[in-house]
Amino acid sequence: MDGIGNTMQKKAAELERMAEVLVTGEQLRLRLHEAKVIKDRRHHLRTYPNCFVAKELIDWLMEHKEASDRETAIRIMQRLLDQSIIHHVCDEHKEFKDMKLFYRFRKDDGTFPLDNEAKVFMRGQRIYEKLMLSENTLLQTREEEGATFERALVASEFVDWLLQEGEVATREEAEQLGRRLLEHGIIQHVTSKHHFVDGGLLYQFRMNFRRRRRLMEVLNGRGRTVPENQDSPFCLRKHHPEGGNTSFLSVSPTPSPSKEIKVLAAPPVSSSPPVLCNPKSVLKRHVSPEELQAPGGPYIKKTFTIVGDAVGWGFVVRGSKPCHIQAVDPSGPAAAAGMKVCQFVVSVNGLNVLSLDYRTVSNLILTGPRTVVMEVMEEVGY
């Protein structure tokens, strides 16, 4: 069928947001087990297995920069409690409190409500992990309608694989599974024109289950996508949670005054991301990829490893073929790693991006791991 329709797209978006909360909660659970924050505890001669102390957990979130303050940490955990991911061990408290109270992940005591949606997400995650771990050629760069798509799979080959792996018994069952995965926002047709059909159409995983989620994401209530408005640069660092000065400066390479990217509105963390002004490009002129890579040219390559904190990476990417660094938050992780404005982005986590635009590069960063390795080209003497 042509077009999955606005209703289905809205439903997929809602289900995707719910899935992000589930995945984020599961990643947190595994981290807390590894850190021994979750363990058996005793109170009044009774043992409560696999639980954590609310006050200690908030301390842990603050220490690991997953929350900027205790109030934000409480809101994060309340979101998980509202989604039935965690609960008070005796179900006596419907609110998450910064006290010495015991809470537990429902997955650790078998009380997690496995409704149909949750089952689809868990099955989608299992299939995704099997695809990532197995040696196959399903996910690769492919073409459809004259366009190239990375990490795409052919529907019929995916159906073959599901049958081989014992995930389904018939091709009809596999096609039905593919349709459910698409309706739940886990996979998508590469141009969003078709539902899942057992044939030659291309599909991609829309959800990267392995991407390390930042807990702040559960408060956003929306997908992490690049704004469609060309006049709004995508800032890879959200507004300062302290609520103070919400602007940051991009240091200009010339003696001219530094440009400022101001947040027009600083809404609460739980609402939409702030709208940013769009300053003129910091570049004096456009530079082609060929010029950047010319032997003996005036550019040198640098590599940065940037570890995102609770609110992002702290830089703005703009431009196209190649992208450049438009602004850097002086207090952010990118600045600490040595990133500067006017540097040209060569690669992100090993993927060459010289021929991509800033929207695609921004999405690569957002859907990748929390630690980003970036290669840039910088003009000699800058």
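The model shown is predicted, which means the values in this text are computed figures rather than measured ones.
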### Task
Walk me through it: do Ile127 and Ile186 pass the test side-chain contact (heavy atoms from CB on, under 4.5 Å)?
CA-CA 11 Å; Ile127 289 172; Ile186 296 173; over 6 Å; no

### Message
Test salt bridge (charged side-chain N to carboxylate O under 4.0 Å, His left out) on Glu56 and Lys100; report intermediate values, then the result.
### Response
CA-CA 8 Å; Glu56 292 179 4; Lys100 292 185 178 180; over 6 Å; no

### Audit row: Lys301, Glu378, salt bridge (charged side-chain N to carboxylate O under 4.0 Å, His left out) steps and yes/no
CA-CA 6 Å; Lys301 182 179 291 186; Glu378 177 182 296; over 6 Å; no

### Task
Please step through side-chain contact (heavy atoms from CB on, under 4.5 Å) for the pair Glu291 and Tyr299, ending with a clear verdict.
CA-CA 9 Å; Glu291 185 177 351; Tyr299 297 94; 4.2 Å; yes

### Task
Begin from the C-alpha positions of Thr148 and Thr141 and carry the test side-chain contact (heavy atoms from CB on, under 4.5 Å) through to its verdict.
CA-CA 7 Å; Thr148 301; Thr141 301; 3.2 Å; yes

### Query
So Arg126 and Glu165, salt bridge (charged side-chain N to carboxylate O under 4.0 Å, His left out) or not? Walk me through it.
CA-CA 12 Å; Arg126 186 180 72 246; Glu165 293 294 319; over 6 Å; no

### Message
Walk me through whether Asp59 and Arg70 qualify under salt bridge (charged side-chain N to carboxylate O under 4.0 Å, His left out).
### Response
CA-CA 8 Å; Asp59 292 339; Arg70 302 189 77 82; 2.7 Å; yes

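Inter-residue side-chain proximity for Phe96 and Ile76 is flagged as unmet; no heavy-atom pair is nearer than 4.5 Å. Looking at heavy atoms from C-beta onward, Gln343 lies out of side-chain contact with His324 at the 4.5 angstrom threshold. By the 4.5 Å heavy-atom criterion applied to side chains, Tyr203 and Val154 are not counted as neighbours. A 4.5 Å side-chain heavy-atom check between Trp161 and Lys130 finds at least one atom pair inside the cut-off. The shortest distance between side-chain heavy atoms of Val307 and Pro333 does not fall below 4.5 Å. In this structure, the side chains of Met374 and Phe315 come closer than 4.5 Å at one or more pairs of heavy atoms. At a threshold of 4.5 Å between non-hydrogen side-chain atoms, the residues Asn50 and Lys39 do not count as touching. Residues Phe52 and Arg104 form no side-chain contact, since every pair of their non-hydrogen atoms from C-beta on lies 4.5 Å or further apart.
Asp69 and Thr72 share a side-chain donor-acceptor pair at under 3.5 Å. Between the side chains of Asp160 and Gln164, not a single donor N or O lies within less than 3.5 Å of an accepting N or O. A donor-acceptor contact under 3.5 angstrom links the side chains of Asp108 and His33, judged on distance only. A donor-acceptor pair shorter than 3.5 Å can be found between the side chains of Glu144 and His189. For the residue pair Ser288 and His286, no side-chain donor N or O sits within less than 3.5 Å of a side-chain acceptor on the partner.
For the pair Arg179 and Phe196, the cation does not sit on the ring face, since its NZ or CZ is not both under 6.0 Å from the ring centre and inside 45° of the axis.
Between Tyr103 and His87, the distance from one ring center to the other does not fall under 6.0 angstrom.
For Ser156 (side chain) and Gly199 (main-chain N/O), a donor-acceptor pair under 3.5 Å exists by modelled atom type. One N or O on the side chain of Gln140 and one on the backbone of Thr137 form a donor-acceptor pair closer than 3.5 Å. Put simply, the side chain of Arg29 never gets that close to the backbone of Ile38: no donor and acceptor are under 3.5 Å apart. A distance-only check finds a donor-acceptor pair linking the side chain of Gln293 to the backbone of Pro289 [under 3.5 Å]. Using a distance-only test at 3.5 Å, with no hydrogens or angles considered, a donor-acceptor pair links the side chain of Gln78 to the main chain of Lys94.
With rounding to the nearest 0.5 Å, the separation of CG in Asn363 from OH in Tyr358 is 11.0 Å. Remark: Lys284 NZ to Glu379 CD distance equals 7.5 Å, nearest 0.5 Å. Atoms CD and CE, on Glu95 and Met77 in that order, are 14.5 Å from each other to the nearest 0.5 Å. The line from CG of Leu354 to CD of Glu375 is 9.5 Å long, rounded to the nearest 0.5 Å. Note that OH of Tyr48 is 10.0 Å distant from CZ of Arg42, once rounded to the nearest 0.5 Å. His93 NE2 to His88 NE2: the interatomic distance, rounded to the nearest 0.5 Å, is 4.0 Å.
No single ILVMFWY cluster, assembled from side-chain heavy atoms under 4.5 Å apart, contains both Val361 and Val373.
The side-chain contact (heavy atoms from CB on, under 4.5 Å) test with Cys342 singles out one residue from Leu283, Ile325, Val287, Val376, and that residue is Leu283.
Counting heavy-atom neighbours within 6.0 Å of Glu150 CD, excluding the residue itself, gives a total of 12 or less. Counting non-hydrogen atoms of neighbouring residues, nucleotides and ligands closer than 6.0 angstrom, the CD atom of Gln176 reaches no more than 12 such neighbours.
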